[in-house]
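This report concerns only the one structure given below.
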Amino acid sequence: MDLDSLYQEIILDHYRNPHHAGLRDPFEAEVHHVNPTCGDEVTLRVHLAEDGTVRDVSYDAEGCSISQASASVMTDLVIGKQLSEALDTHGVFLELMQGKGQVEPDEEVLEDGIAFAGVAKFPARVKCALLSWMAFKDAALQASSKEETHA
Amino acid sequence: MDLDSLYQEIILDHYRNPHHAGLRDPFEAEVHHVNPTCGDEVTLRVHLAEDGTVRDVSYDAEGCSISQASASVMTDLVIGKQLSEALDTHGVFLELMQGKGQVEPDEEVLEDGIAFAGVAKFPARVKCALLSWMAFKDAALQASSKEETHA
Amino acid sequence: MDGLLTDLDVIRKDFPILERRVANDLPLVYLDSANTSQKPQVVIDAMVDQLENHNANIARAMHTLGAESTYAFEAARDKVAAFLNAPSRDEVIFTKNASEALNLVARTFPLGPGDRVVITEMEHHSNIVPWQLATERAGAELRWFGLTDEGELDLSNIDELLTPGTKVVALTWVSNMLGTINPVAEIARRAHEVGAVVVLDASQAAPQLPVDVQAVEADFVAFTGHKVTGPTGIGVLWGRTELLDSLPPFLGGGEMIATVSMEKSTWAPIPHKFEAGTPPIVEAIGLGAAIDYISHVGLDRIHAHEQAITGYLLDGLASVSGVRVLGPLDPTRRGGAVAFELAGVHPHDVAQLLDSRGIAVRAGHHCAKPAHKRFGVQSSTRASSYLYTTPAEIDALVEGLEFTKNYFKVG
Amino acid sequence: MDGLLTDLDVIRKDFPILERRVANDLPLVYLDSANTSQKPQVVIDAMVDQLENHNANIARAMHTLGAESTYAFEAARDKVAAFLNAPSRDEVIFTKNASEALNLVARTFPLGPGDRVVITEMEHHSNIVPWQLATERAGAELRWFGLTDEGELDLSNIDELLTPGTKVVALTWVSNMLGTINPVAEIARRAHEVGAVVVLDASQAAPQLPVDVQAVEADFVAFTGHKVTGPTGIGVLWGRTELLDSLPPFLGGGEMIATVSMEKSTWAPIPHKFEAGTPPIVEAIGLGAAIDYISHVGLDRIHAHEQAITGYLLDGLASVSGVRVLGPLDPTRRGGAVAFELAGVHPHDVAQLLDSRGIAVRAGHHCAKPAHKRFGVQSSTRASSYLYTTPAEIDALVEGLEFTKNYFKVG
Ligand SMILES: Cc1ncc(COP(=O)(O)O)c(C=O)c1O
Ligand SMILES: Cc1ncc(COP(=O)(O)O)c(C=O)c1O
């Protein structure tokens, strides 16, 4: 058990100073996700631009260092990206997390997210790292289907 | 496993030539009992005299040698007795059957019933031996409570 | 003998109980595998290893033992999913036995007045009673396929039975009494034409046939751990995702929730929605080891072995005068459970006499009273084989039946 | 230390897992026994012996192995009956866990529109959700006792809650989160005055207190095997004969019937009426061995040990600044599960840090979300002891908490 591979400095930094925290207007979709095992929760909003850019992701999260830091890193990675690109990043992160520590993280794509490579070795914590990502995917898809309905 | 202690000659005789078999009138109570495990069944009628004597017990039974022989022996033992005495005999037989082969049977009371002492050593067969006895007790109590209501 | 497992001796060594001596020191001849199968050492060892080295509650536990236990438990789910060729591991729900799995569907599947459920006359009580209770609750109608004299499903009135009002067709893949292998894919196709879902009781199929839920286009499939060389206390319900997602919860409690407040609760996604409370952890792990074991031997090889032994058994029984087999006589069209009557001797007495010679068979109605009634018998004797059964054990049975006839002076 | 088991060293030797080393070869410090207890060798051995030497299905089997298995299974029922001081062995129903036992009552107990069920805010989800579902189905009303700031039941409005419309009062004997021991006999008395039946969740009581169903005048009592040193896959519902007799069946299937025809079935007497399908046989036998084991140590001695350890644990936690214990602070009025917060560190992170030192605790809501909400927390860390817990293990926990604070630079 290598604690420091789990609690990388990057993670602890994001935990102490989460980016993009708080709930903001405007948004097209808001979701509430829980980790049923431990009760960690996140309320998350997605605001898409007309051209499909992720304009804003705002959130109110209650949870452990891993889940908090993950939300912070996620927002850094998806805000400003095209939705499709953001969902690709989601896919890459998911793969890293489900890789049982065998997947080599891609810094180009994941930036600070590579710090979570160590989390993949702690199965009980994988859900923590994924909570906000899953919420993002859910909200983003809701938001984009709303856009389509309007169009 | 001593087969012959289970299948005593007395038992096989009663099995081949069951006493008091068949359903007869008159009767005050008729019951139908099954052994849920194996499906053995007995339909049994009790006819009580006004003075509380067991005047007749008639039955239609489908089942193994042990359950058939037991019905035959039971009718021999209870017909003609006072109900209370018949129920006492039921109690003595029950005790023998539940005694795991440790109870010494009382020939005075149980007559041919002592042949079932060996059955008590075969837990799976105890229910077979008890099926008609339980049906008798049930029917006899129903019959006697009917008598009382009439009186 | 064609089809027999070539490594039968080695396989028998995997099962410690086969060393047991019973009835005044005779070797055990276990011919009651359709009732419950024996357990190979690897299954027992997997359970002991879990209990001695890894035991913890799952999902909820963050610590090392908890992670190990969760991993082992969920790995068992993967194994079951692969065993059934399930499209998704989340479709595998652990129950306590096949009966609970069937009740889960019968309790939660939406039925209303006038709806119809169709079962068959050869079902195990566990696939009859839940539907009697469900249709009674809903004011729905229960109908069933009858049986031919050969012990096969009588499908002559299938058009009449399967109507647009038919919501569920629930049937056994292999009969535990008659041995019949039913044409489940064909029935599923017909059921789907009228929009009914198909519930397959694979309790007797899973031990001895390759069970592919996609190939037969089933909607729900149930089986039980203790008949596939696994432990008691564990069963499986597989169901299609859309269906499982649409059903309301069955048991409420820990692990099946998303959130709980005093006023209201919401449910976790499948499979957890249907797994309230601490699941049978060591049992699931044992089942996983069992599935590894029988898959390693090979379901095709087991099936061939069962057919060979069953053919030999049917021949043996045919040689005993007074024996009447209930169910198909063609070993290639049936499973390895053979129920029969012996003229003049009640099944209990047959079983008792055989037991005195170390031979374990089952006597009674085998939880299939309606099928017995159909054949005009109240009970029967059933001999059932499995991958460890030898021809010599069948010989012992046949000799035992002759001995029984002698003892009771019949024939 | 007063009350500690004098033979603690010997007892620890009974539990093979306590030899486990985790987290880079540190000794295991298992403080998660309220989640699931560890298993003594005698329990494992009883299960192995059953699987290797006696395995057969019960009740239905006439042969030697069947008789042996049936005997062992029914002997386990006798042991449970004695353990609970049940008036009759037939009142002991084997389920798969406590959750199923509670669901059994909630599903079958007759409730109608306007009827009231009363629970408490400290219930485990398994004693909340089944009643939510039951009252919703019946159009009945669900109410609950609140909690005091000390973590005890707030009985101030008992007259208002327990009215003649109250049909069921369901509550936990010992809280799995707060540790509170509830005055169940007193509440049962009050409930009976209004004609309600009392359902006690003894999941946390059975491991550590003498549970006497007659002394507390309960109507139903549930507990779970895996918390009393038994295996998973087995739970118990005890109920009074008249009540169990009056309830309709729960799951339908094999073993719970008297007769079955395609049209209609009738039910076996209790306990079998509620035991559909092949029961958890090896698990019941394991539970029987577990009950023998803890009874042999003595529930009074275990209770004293738990109180001593819990007192020591509460003192230890009080010495760590930033720790806030949720629940009663008097060790004589509570059980051995102690949930707490550590200021500035999330329970997951606490548990993770402790795990890196070999210490197993639970983090989360412990299936008691409403009780957490009542205390304004979303989750907590819980340390829970059992008969094998030593003061040195508590010391390790306290040191671990200081280490955690250091690591996260708090306090
Ligand atoms: C108080 C209480 N009730 C019920 C349960 C449920 O027990 P099980 O998960 O074995 O069904 C538990 C344990 O998880 C408990 O602590
Ligand atoms: C065909 C069939 N269905 C269902 C069952 C029920 O299985 P279980 O008793 O494990 O619930 C059995 C076995 O008893 C069976 O043979």
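Chain letters run A, B, ... following the sequence lines, proteins first, then strands; residues in each count from 1.
Under the 3.5 Å distance criterion, with hydrogens and angles disregarded, no donor-acceptor pair is assigned to the side chains of Asn97(D) and Thr224(D). Remark: the His124(C) side chain and the Asp201(C) side chain contain no N/O donor-acceptor pair separated by less than 3.5 Å. Looking at Thr266(D) and Thr259(D), their side chains do bring a donor and an acceptor atom within 3.5 Å of each other.
For His54(D), the parts lying near chain C are the backbone and the side chain together; criterion is any non-hydrogen pair under 4.5 Å. If you measure heavy-atom distances from Phe15(D) to chain C, you find no contacts under 4.5 Å at all. Interface residue Ile257(D): only side-chain heavy atoms are found under 4.5 Å from chain C. With a threshold of 4.5 angstrom between heavy atoms, Val22(C) approaches chain D through side-chain atoms but not through N, CA, C or O. Gln41(D) touches chain C through its side chain: at least one heavy atom from C-beta onward sits under 4.5 Å away, while N, CA, C and O do not. Only the side chain of Ala351(C) comes within contact range of chain D, with at least one heavy atom under 4.5 Å from a heavy atom of that chain. Contact annotation for Ile234(D): neither backbone nor side-chain heavy atoms come within less than 4.5 Å of a heavy atom of chain C. Proximity to chain D is absent for every atom of Ser203(C), based on heavy atoms less than 4.5 angstrom apart. Using a 4.5 Å cut-off between heavy atoms, Ser261(C) contacts chain D through its backbone alone, with no side-chain atom that close. Using a 4.5 Å cut-off between heavy atoms, Ile281(C) contacts chain D through both its backbone and its side chain. Contacts of Pro279(C) with chain D are made by backbone atoms alone, with heavy-atom separations under 4.5 Å and no side-chain atom involved.
Annotation: salt bridge (Lys or Arg N to Asp or Glu O under 4.0 Å) contacts of Glu68(C) (sequence neighbours excluded): Arg20(D).
Closest approach of Pro231(D) and Glu283(D) over heavy atoms only: CG-O, 3.5 Å. A pairwise comparison of heavy atoms in Ser37(D) and Asn55(C) identifies O-ND2, 3.0 Å as the closest pair.
Annotation: residues 128-136 of chain D contacts chain C through Ile128(D), Val129(D), Pro130(D), Gln132(D), Leu133(D) [non-hydrogen atoms, separation under 4.5 Å].
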Does the pair Glu100(D) and Glu100(C) meet the rule for a side chain to side chain contact (heavy atoms under 4.5 Å, CB included), with working shown?
CA-CA 11 Å; Glu100(D) 188 195 358; Glu100(C) 188 194 358; 5.5 Å; no
Between Ile119(C) and Met262(D), does a side chain to side chain contact (heavy atoms under 4.5 Å, CB included) hold up when you go through it step by step? CA-CA 9 Å; Ile119(C) 59 175; Met262(D) 292 309 284; 3.7 Å; yes
